[in-house]
Amino acid sequence: MTLSVNSLAAIAVDIQDSLSRPDRFQRIINSLHSLLNCDATALLRYEAHQFRPLATAGLAPDVIGRRFKLDSHPRLEAIARAGNVVRFPADSDLPDPYDGLIPEQPALHVHACVGLPLFLGQTLIGALTLDGMDAAQFDAYSDEELWVVGTLVSGALNNALLMEQLEKPGVETFSLIPLEAMDAAEDEMIGNSAQLLQLKKEIGIVASTDLSVLITGETGVGKELVAQALHRQSARSGNPLIYLNCAALPETVAESELFGHVKGAFTGAVHDRTGKFEMADRGTLFLDEIGELPLSLQAKLLRVLQYGDLQRVGEDRLLKVDVRILAATNQALRQAVAEGRFRADLYHRLSVFPLHVPALRERGEDIVLLAGYFCEKCRRKFGLQHLALSAAARTLLTSLPWSGNIRELEHSIYRASIIAQAEAASGEVILMPSHFSPAPENHVTQDISEAPLMTEHGLRESTDEFQRQLIARALKACEGNWAACARKLEVDAGNLHRLAARLGLK
């Protein structure tokens, strides 16, 4: 079957109709998936040496959360470097980025695979990937026909991305950033839930202003990512974003940290020190855990916010600074004000525009997307060929309460990856529900005595039992080779021998 003029015209019409819809990318990919009779289709955006999935069909839901860096995905790198349609041999030995990510297809060893690089002029802006389980699935389509499809999708992708930017609050037409200049940030907020989209909308509204923002939310929800997004989208983005954790600030040095000091101001002040406010001049200062700031410093902080001037410790001269303040807390500051633990005037000065970051358990399917994102990070970190989530594991992850939020999810993925890697016979690892059982946070909804790697003893004994089983699994996977086992567990070989002896494994 070849692509007729009518078929190509239908694609063009579908693409044009999709551009005005909120789910424009998914509608585009659904049309192509059906028309080209694919088993797996993906529309990817190119950003700073990696591809970010915008929409998929026939792939596991966590693929949308993954970020495919070119240096670890040779097929995608070949597509990015190509100037035309790329057809991979059905038995190509290049690993497929979707291996293990097509439901009911655990491995993609012999299949049809086509990649279409998408260009705006001479600039790569994305890619369209087509996969079929039949090795001859796309043979009927000529390169010329597929190139026409790619050209239509390129124009649609560019228009859709421009429309997305224009729809963002506070974005002017002259401030659109060239697509090739956009960075793929490691601090990206992953997810498509209504709660996260609303948060991103509010960030877009306030980012371009100089208003102080108070970011609230539970521990581990990503308040620092919100601060980074606010700074990145502001007119101050070319200047520093300075971070200060108020909870880790001893009261004896807090004033010096904030405002700096001069030589001889106090014992130990052997040279001048620049404070965080000066460092952030014309930029942004992010005060994390602001609720922990001592009352004695709150009045001095309030003066800087009101008048824009400060004094270094031990100096009479006033310094003028131009700093935007972002603050974050997991405390109920209103209650702290009522109890006299936080100044009311400072609270109102900081919370000109409050932003609340939702808990992970409130974000539904974002859990799966974040799990995919962390899986891809683990795959690169541990040098695995493939790392996928089973359907049962995805179901488990969405059912857990995640009291530690995104940070807990990330740690759980890393821990499960280590356990699954120790059990796997090759570099192709699939995470199962059993691989998540050692995480104590993940047993809130079940009887702890049912957890296979827990004991009825105290923390020390339970930790020893977990380490004992993990080492035993890794050693078995390494066929009794202790040096290889140490490398797999990323520990010093001597330390591993001593630990194994203490645990009774030697």
Side-chain angles (χ1 to χ4, degrees), residues 23 26 29 33 39-42 52-68 96-108 131 188-197 220-222 358-382 384-421 423-424 428-446 450-453:
D23 57 345
Q26 192 59 52
I29 214 65
H33 184 74
D39 288 299
T41 316
R52 173 167 68 90
L54 296 174
T56 67
L59 291 169
D62 61 276
V63 171
I64 290 293
R66 294 177 181 248
R67 302 296 178 258
F68 298 108
D96 193 293
Y98 307 135
D99 211 349
L101 300 178
I102 299 180
E104 301 178 4
Q105 293 291 337
L108 296 176
D131 288 275
E188 178 187 3
M189 288 186 287
I190 306 290
N192 294 320
S193 65
Q195 294 88 337
L196 187 65
L197 293 178
V221 293
L360 182 58
R361 60 184 172 275
E362 301 169 2
R363 292 173 51 184
E365 287 304 311
D366 283 358
I367 295 172
V368 173
L369 304 191
L370 284 160
Y373 176 78
F374 293 130
C375 278
E376 184 62 19
K377 287 185 69 174
C378 284
R379 189 198 64 78
R380 293 196 305 271
K381 180 179 179 64
F382 299 143
L384 300 174
Q385 197 169 357
H386 302 291
L387 179 61
L389 284 163
S390 68
R394 290 195 297 269
T395 300
L396 171 68
L397 295 181
T398 55
S399 70
L400 293 173
W402 299 116
S403 57
N405 292 291
I406 298 173
R407 188 176 299 133
E408 181 188 349
L409 174 62
E410 180 180 13
H411 294 169
S412 295
I413 294 290
Y414 271 76
R415 183 168 48 244
S417 299
I418 293 172
I419 296 171
Q421 182 184 358
E423 294 178 351
E428 299 182 2
V429 178
I430 297 180
L431 301 185
M432 308 298 289
S434 59
H435 297 139
F436 291 90
S437 57
E441 303 91 339
N442 287 347
H443 293 281
V444 176
T445 59
Q446 61 178 302
E450 296 175 0
L453 289 184

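Note that CG of Asn192 is 6.0 Å distant from CG of Leu197, once rounded to the nearest 0.5 Å. Separating the CD1 atom in Ile102 from the CG atom in Leu59 is a distance of 5.5 Å, to the nearest 0.5 Å. With values rounded to the nearest 0.5 angstrom, Leu409 atom CG is found 9.5 Å from Leu400 atom CG. The CG atom of Leu360 sits 10.5 Å away from atom CG of Leu196, with the distance rounded to the nearest 0.5 Å. Atom CD1 in Ile367 sits 9.5 Å away from atom OG in Ser193 (nearest 0.5 Å). With values rounded to the nearest 0.5 angstrom, His33 atom NE2 is found 7.0 Å from Asp39 atom CG.
Here the closest non-hydrogen pair linking Gly58 and Pro103 is O-CD, 3.4 Å. Contact between Tyr373 and Gly65 at its shortest, heavy atoms only, is CB-O, 3.0 Å. Of all heavy-atom pairs between Ser417 and Phe382, the closest is CB-CE1, 3.8 Å. The two residues Gly100 and Ala388 come nearest to each other via the heavy atoms O-CB, 3.4 Å. Nearest approach of Gly191 to Asp366, heavy atoms of both residues: CA-OD1, 3.3 Å. Counting all heavy atoms, side chain and backbone alike, Phe436 lies closest to Ala416 at CE2-CB, 3.7 Å.
Under the rule for a salt bridge (charged side-chain N to carboxylate O under 4.0 Å, His left out), the partners of Asp62 that lie at least two apart in sequence or sit in another chain are Arg66, Arg394. Here Glu365 pairs with nothing under the salt bridge (charged side-chain N to carboxylate O under 4.0 Å, His left out) rule; sequence neighbours left out. By the salt bridge (charged side-chain N to carboxylate O under 4.0 Å, His left out) test, Arg361 is found to be paired with Glu218, residues two or more places apart in sequence or in another chain being considered.
For the pair Phe374/Ile406, a side-chain contact is recorded, criterion being any heavy-atom separation below 4.5 Å from C-beta on. Side-chain contact check for His435 versus Met432: some heavy-atom pair is nearer than 4.5 Å. The shortest side-chain heavy-atom distance between Arg363 and Leu370 falls under the 4.5 Å cut-off. Counting heavy atoms from C-beta outward, Arg67 and Pro53 have side chains that approach closer than 4.5 Å. Contact of the Lys377 side chain with the Tyr414 side chain is registered, since non-hydrogen atoms from C-beta on lie closer than 4.5 Å.
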* **Pair Glu376-Arg379, salt bridge (Lys or Arg N to Asp or Glu O under 4.0 Å): steps then yes or no** => CA-CA 5 Å; Glu376 184 62 19; Arg379 189 198 64 78; 3.0 Å; yes
* Could you give me the CA-CA distance, side-chain angles and deciding distance for Ile29 and Thr56, then say whether side-chain contact (heavy atoms from CB on, under 4.5 Å) is met? => CA-CA 7 Å; Ile29 214 65; Thr56 67; 5.9 Å; no
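When each of Ile413, Leu431, Val368 is paired with Leu397, the side chain to side chain contact (heavy atoms under 4.5 Å, CB included) condition holds for Ile413 and for no other.
The closest donor-acceptor contact from the side chain of Asp96 to the backbone of Tyr98 lies under 3.5 Å. No donor-acceptor pair closer than 3.5 Å links the side chain of Glu408 to the backbone N or O of Gly220. Trp402 contributes no side-chain N or O that, together with a main-chain N or O of Ala359, makes up a donor-acceptor pair within less than 3.5 Å. Judged by distance alone, the side chain of Gln195 and the main-chain N or O of Glu362 form a donor-acceptor pair under 3.5 Å. Not a single donor-acceptor pair under 3.5 Å links the side chain of Glu428 to the backbone N or O of Leu387.
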